[in-house]
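Basis for what follows: all heavy atoms, side chains included, without hydrogens, waters or symmetry-related copies. What you see is a predicted model; the values in this text were computed from it and never measured.
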Amino acid sequence: MANSGIQLLGFFLSLIGIVGLIIGTILPQWKMSAYIGDNIITAVAMYQGLWMSCAFQSTGQLQCKIYDSILQLDREVVTTVTKLEDTGIPIIY
């Protein structure tokens, strides 16, 4: 009986891991940077992910642009994707 309980626990933990992997792959917050000008009104936060780059302005406006090519990714994001693929986690382009 204890063996089936451990198997069920492992199954549910693996499902949680798969959901976390999918959410982490979809979200555009792989690389974040911020620019604050002379005052807080001109603040802009930049997000870059595998699929798109987004700019969030302090006025509440969010603008996202989907990449036309995988070659538009920054070096840091490509390095992260390469390291994930080296560990056996597949990333589908």
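- No side-chain heavy atom of L9 sits under 4.5 Å from any side-chain heavy atom of Q7.
- Counted within 6.0 Å of CG on L15, heavy atoms from surrounding residues, nucleotides or ligands total more than 12; the atom is thus considered enclosed.
- Hydrophobic clustering of Ile, Leu, Val, Met, Phe, Trp and Tyr side chains at less than 4.5 Å, counting indirect connections, unites L62 with M32.
- With rounding to the nearest 0.5 angstrom, the CD atom of Q48 is 6.5 Å from the OG atom of S33.
- When side chains are defined from C-beta on, S53 does not count as touching Y47, because their heavy atoms never get closer than 4.5 Å.
- In this structure, CE on M46 lies 9.5 Å from CD on Q63, to the nearest 0.5 angstrom.
- Summarising the geometry of Q57 relative to V44, their closest heavy-atom pair is CG-CG2, 4.2 Å, with the distance given to 0.1 Å.
- Interatomic distance, L13 CG to L8 CG, rounded to the nearest 0.5 Å: 11.0 Å.
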